[in-house]
Every structure is written in C-alpha cells, then in structure tokens.
Number of protein chains: 2
Amino acid sequence: MLIGEYEHSLDAKGRLIMPAKLRECLGEKFIITKGLDGCLFGFSQNEWTNFEEKLKTLPLTNKNARDFVRFFLSGATECEIDKQGRFLIASNLRDYAEMEKEVAIIGVGTRIEIWNKEKWKKYNSDENISADEIAENMTMLGI
Amino acid sequence: MLIGEYEHSLDAKGRLIMPAKLRECLGEKFIITKGLDGCLFGFSQNEWTNFEEKLKTLPLTNKNARDFVRFFLSGATECEIDKQGRFLIASNLRDYAEMEKEVAIIGVGTRIEIWNKEKWKKYNSDENISADEIAENMTMLGI
DNA sequence: ATGTTCATATTCACCGATAAGCACTTAGTT
DNA sequence: AACTAAGTGCTTATCGGTGAATATGAACAT
C-alpha cells in the first residue's frame, strides 16, 4: 500500500529520489504518466499492465477512446530506479506538471502522485480542500 | 508496448530519427500509413498484419467499409531504419500530415503516431482534452 | 555524547542519442 | 551529356541521460 507524503528536489538533470518507503512497494521499475489536476501518476508494473490491457480493448474508431488512450500512453514513461535510488522524469512530463526543483511525492493507495511542491500546497489549502466537505461527499458514495 | 512522447525534426530530405526507445519495440522494418485526426500511424510488422486481418473482415458490400479500407491500405509504406536510426517518410504521407520540420512522435500501445508538432500541441490543449472526461473514463475502466 | 548506518543531496565525468551539414548515387528531364 | 531532384550514407558537434564519488544529515545503538 502506497502511503505518505514526502518532499524532495530534482537534480540538475531532472532526476528525483524515490523515498525508500515507496520504493519497497513500487518496485525497481515502474511507470509514470500524466495525471489529473496537474500532477503525475506513478504505477507499479502490476497496476500498469492491468491498465494497459484495458486500454488495448478500446476501439480505434471511437474518437473519445482515441483521446483517452493517447493521453495516457503518450504521457507514459517507464522508469528505473538507479543504484542511488533515483529515477529520471522525462522532460515532457516535467513540463506538463510544471516541475522546477521542489517536488512533493505522495502515496495514494494504488499509485503515487508527483507534484510541484507549491501546487501541492495550494491544492491542499482551504479553498480547495476541506476534510469536512470531502467527508460529506463520501457519504454519497456509500462509505 | 509503445509509449512516450518525443519531439524531433525532419532533415532536409524528409527523414526522421526514430527515438531509440520506440525502435526497440517497432523493429528495423515497420509500416506507416495515413492515420486518423491528421497524423500518421506506424505499426510493427506484427501489429500491421493484425490490423490487415481486421480490415479484411470488413464487408465489401458496405461503401463506408470500402472507404475505410482504401484509406489505410492505399497510404501504407514500408519503412526501414538506417544505420543512423533514421527513416524516410514518403512525400505523399508528409503532405497528408502537413509536416514541415518539427514533428512529435508518440507511442500509443499497439502503434506509433507521427504528428506535425503544432497540430499535436493544439490537439492536447485544454479546449480539446477535458480532465473531467478523462476522469470519467478512468472510473469506467476501474482505475 | 559518540560513533555507525542509512537515506538523501550535490557534483562531476563520460557515453550514446540526436542534430546538422555535406558528399555521393541514382533516376528522370531537357 | 548536363542538370535537377530525391534518396542514401558519412562525419562532426552537442546535449541529455547515466553512473560514480563524495557530502550532508537524520536515526539509532552503545
């Protein structure tokens, strides 16, 4: 289970340390893709192949399906963690998530998310997220 | 699995570097053809025969199906990657996809797509791609 | 408190992938 | 034969990715 929040920084070449605790669970190789709300998603290989299988079944003839597949697959990169615990974030993904230097990495159960640290802070600030409100909405989902 | 987004440029003769990571998976010889949404499709030899098989099953009696088959087969060219990792894009295909110089190559699972870079950027802009839709599709696929 | 170990940060050097320019070949045109 | 245009191959320079070495700092044990 991927949990926790970590703050680290990119090195000059755009590499990032994967927090040791997440590393255990993600594995040496994993996949990052463009995510929602301006962050990046990171999936373990298992989660990802699952996802890929589903994407393969979508029809080429449906524009909506093409959009969806393009979004995730063109935005995906396989990452390998090096001996020093780092991995490279491809430059187009860095651009997409507007990452400069300071980065937040968070575990969200089945995936990790990588955020520009400032964006993550803003996202967590009151206007955006109130735990109470979230809780309200969850009852609707039957929890 | 073909994934990722790469930006490169055509040389004076209309050749393009095939990104090393895609090369591994596509093979030395592959097929490009006219694609949907104004890009070119590129298939590994395996995927191409796959695709051909599907086209063959379409009913000749249906005008729409005939058009569809003609569109893909008439545009197809076999490409070979040279020692320097480049391949030539036939001029009729370059014209079709309105390629001048700057090009985006993306992996979409079973095929690659080659886009005029500007067109690709426009395609990816907010008006076109909606996060809500993506999120909706994600839940539908159970992610 | 001190030393040890592990995780993270920073810097540097090297190598391979890519960009760009040029030369040569072949085929078609005049 | 001379010219042009498209295609092919080679050479060089640059840049990004990769690995190694070292430094810093926190956690832990003695």
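Letters A, B, ... are given to chains in the order of the sequence lines, protein chains preceding strands, and every chain is numbered from 1.
A close approach under 4.0 Å does occur between a side-chain nitrogen or oxygen of A:Lys101 and OP1 or OP2 of C:dT10. Put simply, B:Arg94 has no side-chain N or O that comes within less than 4.0 Å of OP1 or OP2 on D:dA6. Checking the phosphate oxygens (OP1, OP2) of D:dA5, no side-chain nitrogen or oxygen of B:Ser91 falls inside 4.0 Å.
Using the six-membered ring where Trp is involved, A:Phe41 and A:Phe72 have ring planes that are parallel, under 30° apart on the 30 and 60° scheme.
Taking atom CD1 of A:Ile17 as the reference point, atom P of D:dT18 lies 16 Å away to the nearest angstrom. Atom CD in B:Gln84 sits about 11 Å away from atom C1' in C:dT18, given to the nearest Å. For the pair B:Leu16 CG and C:dA20 C1', the computed distance is 14 Å after rounding to whole Å. Residue A:Ile89 contributes atom CD1, which lies 16 Å from atom P of D:dG16 at whole-angstrom precision. Between A:Lys83 atom NZ and D:dA21 atom C1' the separation is 13 Å, expressed in whole Å. Rounded to whole Å, the distance from CG on B:Leu88 to C1' on D:dG9 is 13 Å. Across the protein-nucleic acid pair, B:Phe87 atom CZ and D:dG9 atom P stand 15 Å apart, rounded to whole Å. In this structure, B:Glu102 atom CD and C:dT18 atom C1' are separated by 13 Å, rounded to whole Å.
Closest to the A:Arg15 side chain, of the nucleotides C:dT11, D:dG7, C:dG21, is C:dT11. Here the nucleotide nearest the side chain of A:Pro19, chosen from D:dG7, C:dT8, D:dA20, is C:dT8. The listed nucleotides are D:dA21, D:dG19, D:dG17; the one nearest the side chain of A:Asp82 is D:dG19.
Around atom CD of B:Glu78, more than 12 heavy atoms belonging to other residues, nucleotides or ligands sit under 6.0 Å away.
Nearest-nucleotide mapping onto DNA chain D: of B:Lys21 and B:Asp11, the residue sitting toward the 5' end is B:Asp11. Nearer to the 5' terminus of DNA chain C, by closest-nucleotide assignment, is the contact made by A:His8 (compared with the other of B:Arg86 and A:His8).
Side-chain atoms of A:Lys13 and base atoms of D:dG16 include no donor and acceptor less than 3.5 Å apart.
No side-chain donor from either of A:Glu7 and A:Trp120 sits under 3.5 Å from a side-chain acceptor of the other. For A:Asp67 and B:Tyr123, the side-chain atoms include at least one donor-acceptor pair closer than 3.5 Å.
Judged by the 6.0 Å distance and 45° axis criteria, B:Arg111 is not positioned over the aromatic ring of B:Phe51.
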